S.K.: 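Shown below is the structure under consideration.
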Amino acid sequence: MSTSKKTFFFGEDYLSAGLALGLTRGTIHGQISEKARKRIRASNNAVACIVERGKAVYGINTGFGPLCTTKISKTETNILQNNILQSHSVGVGEPIENEIAKLMLVLKVHSLAKGCSGIAEATLDRILWHIDNDAIPIVPSQGSVGASGDLAPLSHLFLPLIGMGKVRYIKKVISTEQLHKIYGLQPLELGPKEGLALINGTQFIAAHAVMVIDKMYACLTHADIIGAMMIEGLQASVKPFYKELHDLRPFKGNSHVAAKIRFLLKDSEIMQDHIDCEKVQDPYSLRCIPQVHGASRNAWLHLKELLEIELNSVTDNPIIIDEDLTISGGNFHGQPLAMALDYVCLATSELGNISDRRIYLALEGNSPGVPKLLMKDTGINSGYMILQYTTAALASENKGLCFPASADSIPTSLGQEDHVSMGSISGRKAMQVLENVEKILAIELLTTAQAFEFRKPMKSGVLLDEVHKTIRKKVAFAHKDRVFSDDIEKGIVIIKNRTIIQSIRKTMQHHNLKMESPFEDEFEKY
């Protein structure tokens, strides 16, 4: 381990989405402090005392769910914990991405290290071993209803602790048995409550929410940059972005987006060229960028605030305060994140909807100097016409995915778990919508770069000029029809790699530029 890496102390430090990603991607090293270890040992000892006394406590010496009244003998409590991992490993579907599975491990360690779960130090150390050695369990994507924890995915996540299941190791899927042979490891013997502590929790939902925060941040930022380029390409008015207007309706997201657009358009020859034009106002997809992008930013901020609470919470059941106080409650219920994920799913879809509308505007040929279909010689050439068919299809698909999963509930566990959040579905749907919006934004990137070209020899400000040059290094101006799917793939790579965001940052540093927004830190740091 490099000594230059930042160290994060599980159970002690405050975990954000950005830190969770850093721990997952290996840029930050995680460890458990001695202070946290004392709490972990005390909680584990409390469970041992409860078992010794023999008083019935849910999940420690009773069965689970509808079997909560079935008493388990002291000699069978350990068998019970192994059995719960096996019986609850019922996930189906394609495995989740390796990064999300690793995130789940990171988030679970942080929650268990709070010292309210009765987990053993050795168990936590084995989970840390999996993180540090990048031996990540295979977790199916479907099967969680998002209450009583993400039971099925978490069961698969922790099967390797007892020598079962599979892991992805050095880019290959191997059995846990093979992994243990490589390192000379033995399966763990789980103690009382440990199995339940491992599988009760919201880490599947929360890991998806971390990824949603990261991907949506990039989509929001791209949408603002690309929208600003489209304003220039179509020579729209800058007045709808004036501070004076947004001070009269000061939603955080709206004000921030308006400030960003003003910043990106500053010192633009293109905007100065038509400052006295006779056009009264622009279509909503240009004029209302602050209101639409801003509303989506507000949704992002709401999820971010709720997620940070969740990341620093104890979400298993029962909670061990001490040997005399255990609380069987509902901290595992995924509703707080499920509803917020459904909200950002809708908010992300709207980014795609308005982007598709701007693409359509660019093709109409109603802006002086910009030809219909973004190509001068049409007829024999279809120009960019069919690219908008793709964005229309993606936007429509997203609308179908916006039905809130959290609006549904199907009773499980013979009625003991009679209201569930379906938050795992909320997280998966939000990720799918984000991936579609990345593609829509990639196509808008191509169309706005084409429209931008027709404004030459006039220049934009230094930021958008540099963005346009960055795009042109990857995708050439189209004089005639070609296989546009090749261009789209390149555009998607630009979006996924955040190439133009990096270009903006480097140009700002080079020219010592700073954007003035009262909400800069809230929206630019997570």
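Note that the coordinates shown come from a computational prediction; the quantities given were computed from them, not determined experimentally.
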S.K.: For E177, does the CD atom have more than 12 heavy-atom neighbours from other residues, nucleotides or ligands under 6.0 Å away?
M.R.: no
S.K.: Quick check: closest heavy atoms across L401 and C345, and the distance to 0.1 Å?
M.R.: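 Result for this residue pair: O-SG, 3.7 Å.
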S.K.: Please tell me whether H256 and F523 form a close aromatic pair, meaning their ring centres lie under 6.0 Å apart.
M.R.: yes
S.K.: Could you go step by step and tell me if Q203 and T315 meet the side chain to side chain contact (heavy atoms under 4.5 Å, CB included) rule?
M.R.: CA-CA 9 Å; Q203 284 75 36; T315 59; 3.4 Å; yes
S.K.: Judged by atom type as modelled, is there a donor-acceptor pair below 3.5 Å linking the side chain of W300 to the main-chain atoms of I213?
M.R.: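 Judged by distance alone, yes, a pair lies under 3.5 Å.
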S.K.: What is the distance from atom CG of N44 to atom CD of E194, rounded to the nearest 0.5 Å?
M.R.: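 Atom-to-atom, N44:CG and E194:CD are 6.0 Å apart.
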S.K.: May I ask you to decide whether K38 forms a salt bridge with E121, counting only side-chain N to carboxylate O separations under 4.0 Å?
M.R.: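 No, K38 and E121 are not salt-bridged.
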S.K.: Could you verify whether a donor N or O on one side chain and an acceptor N or O on the other, from S426 and D342, lie under 3.5 Å apart?
M.R.: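 Yes - a donor-acceptor pair under 3.5 Å links their side chains.
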S.K.: Check whether the side chains of Y526 and D214 place a donor and an acceptor atom closer than 3.5 Å, and report yes or no.
M.R.: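 Side chains of Y526 and D214: pair found under 3.5 Å.
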S.K.: Minimum heavy-atom separation for A20 to L107, with atom names?
M.R.: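 Closest heavy-atom pair between A20 and L107: CB-CD2, 4.0 Å.
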S.K.: Tell me yes or no: between the side chains of S503 and T470, is some donor less than 3.5 Å from an acceptor?
M.R.: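 Side chains of S503 and T470: pair found under 3.5 Å.
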S.K.: Can you tell me how far CG of D316 sits from OG of S148, rounded to the nearest 0.5 angstrom?
M.R.: 10.5 Å
S.K.: Can a side-chain donor-acceptor contact be found between S355 and E444 if the only test is distance below 3.5 angstrom?
M.R.: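 Yes, S355 and E444 have a side-chain donor paired with an acceptor closer than 3.5 Å.
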S.K.: Is it the case that atom CE in M431 sees more than 12 heavy atoms from other parts of the structure closer than 6.0 Å?
M.R.: yes
S.K.: If only atom types and distance count, is the side chain of T202 paired as donor or acceptor with the main-chain N or O of I205 below 3.5 Å?
M.R.: no
S.K.: For residues S313 and E310, is any side-chain donor paired with an opposing acceptor at under 3.5 Å?
M.R.: no
S.K.: Rounded to the nearest 0.5 Å, how far does CD1 of I174 lie from CG of L179?
M.R.: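 With rounding to 0.5 Å, CG (L179) is 5.0 Å from CD1 (I174).
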S.K.: Begin from the C-alpha positions of I40 and I32 and carry the test side chain to side chain contact (heavy atoms under 4.5 Å, CB included) through to its verdict.
M.R.: CA-CA 10 Å; I40 292 161; I32 302 173; 4.0 Å; yes
S.K.: Might you point out which heavy atoms bring P140 and P153 nearest each other, and give the distance in Å?
M.R.: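 Of all heavy-atom pairs spanning P140 and P153, the closest is O-CB, 4.4 Å.
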S.K.: Any Lys/Arg nitrogen of K304 or E522 sitting under 4.0 Å from an Asp/Glu carboxylate oxygen of the other?
M.R.: no
S.K.: Using distance alone, with no hydrogens and no angle criterion, decide if Y14 and E308 have a side-chain donor and acceptor under 3.5 Å apart.
M.R.: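 Y14 vs E308: donor-acceptor pair found between side chains.
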S.K.: Please round to the nearest 0.5 Å and tell me the distance separating atom CG of N497 and atom CD1 of I492.
M.R.: 11.5 Å
S.K.: What is the distance from atom NE2 of H110 to atom CG of L15, rounded to the nearest 0.5 Å?
M.R.: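 Reported value, rounded in 0.5 Å steps: 4.5 Å.
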S.K.: Give a yes or no on whether the backbone of I119 and the side-chain of T123 come within a donor-acceptor separation of less than 3.5 Å.
M.R.: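 Judged by distance alone, no pair lies under 3.5 Å.
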S.K.: Please find out if less than 6.0 Å separates the ring center of H333 from that of H419.
M.R.: yes
S.K.: Can you tell me if E305 has over 12 outside heavy atoms packed within less than 6.0 Å of its CD?
M.R.: yes
S.K.: Using a 3.5 Å distance criterion without hydrogens, assess whether the side chain of K114 forms a donor-acceptor pair with backbone atoms of E12.
M.R.: no
S.K.: Please walk me through it: do K102 and D134 pass salt bridge (Lys or Arg N to Asp or Glu O under 4.0 Å)?
M.R.: CA-CA 8 Å; K102 192 172 181 180; D134 216 24; 3.0 Å; yes
S.K.: Over all heavy atoms of both residues, which pair between F332 and G201 is shortest? Give the atoms and the distance, please.
M.R.: CB-N, 4.2 Å
S.K.: Do Q31 and T7 have side-chain N/O donor and acceptor atoms under 3.5 Å apart?
M.R.: no
S.K.: Backbone N or O of L196 within a donor-acceptor pair of the Q81 side chain at under 3.5 Å?
M.R.: yes
S.K.: Has K108 got a side-chain atom pairing as donor or acceptor with I127's backbone, closer than 3.5 angstrom?
M.R.: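 Answer holds: no.
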S.K.: Using a strict 4.0 Å threshold on nitrogen-to-oxygen distance, state whether E524 and R505 make a salt bridge.
M.R.: no
S.K.: Report yes or no: do S144 and D150 form a side-chain donor-acceptor pair below 3.5 Å?
M.R.: yes
S.K.: Please say whether more than 12 non-hydrogen atoms of neighbouring residues, nucleotides or ligands are located less than 6.0 Å from CD in E94.
M.R.: no
S.K.: Where does the angle between the aromatic ring planes of Y183 and W129 fall among parallel (under 30°), tilted (30 to 60°) and perpendicular (over 60°)?
M.R.: perpendicular
S.K.: Do the ring planes of F204 and H208 sit parallel (below 30°), tilted (30 to 60°) or perpendicular (above 60°)?
M.R.: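 Correct class here is tilted.
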S.K.: With distance as the sole criterion, is a donor-acceptor pair present between the side chains of N317 and N200 under 3.5 Å?
M.R.: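 Not at all, the side chains of N317 and N200 share no donor-acceptor pair under 3.5 Å.
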S.K.: List the steps and the verdict of side chain to side chain contact (heavy atoms under 4.5 Å, CB included) for D486 and V483.
M.R.: CA-CA 6 Å; D486 294 341; V483 180; 3.9 Å; yes
S.K.: Is it true that a side-chain atom of N436 and a backbone atom of N398 form a donor plus acceptor pair closer than 3.5 Å?
M.R.: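 Pair absent, no side-chain N/O of N436 close to backbone of N398.
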S.K.: Measuring from atom OG of S33 to atom CZ of F8, what distance do you get when rounded to the nearest 0.5 angstrom?
M.R.: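 If I round to the nearest 0.5 Å, the distance is 10.5 Å.
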S.K.: For the residue pair I199 and L151, what are the closest heavy atoms and their distance?
M.R.: O-CD2, 3.5 Å
S.K.: May I ask you to decide if V420's main-chain N or O and S409's side chain share a donor-acceptor pair within less than 3.5 Å?
M.R.: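 Pair found, side chain donor or acceptor close to backbone of V420.
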S.K.: Yes or no on side chain to side chain contact (heavy atoms under 4.5 Å, CB included) for I320 and K193, after CA distance, side-chain angles and deciding distance?
M.R.: CA-CA 10 Å; I320 312 297; K193 192 187 177 291; 3.9 Å; yes
S.K.: Ignoring hydrogens and geometry, is there a side-chain-to-backbone donor-acceptor pair from T176 to G165 under 3.5 Å?
M.R.: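 Present.
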S.K.: Is it the case that over 12 heavy atoms from other parts of the model lie below 6.0 angstrom from the CZ atom of F9?
M.R.: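 Enclosed: over 12 neighbouring heavy atoms sit under 6.0 Å from CZ of F9.
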S.K.: How far apart are the closest heavy atoms of V314 and S117, and which atoms are they?
M.R.: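 Nearest pair, atom of V314 first, then S117: CG1-OG, 4.1 Å.
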S.K.: Which residues satisfy the salt bridge (charged side-chain N to carboxylate O under 4.0 Å, His left out) test with R53, sequence neighbours excluded?
M.R.: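 Partners of R53 under the salt bridge (charged side-chain N to carboxylate O under 4.0 Å, His left out) test: E323, D324.
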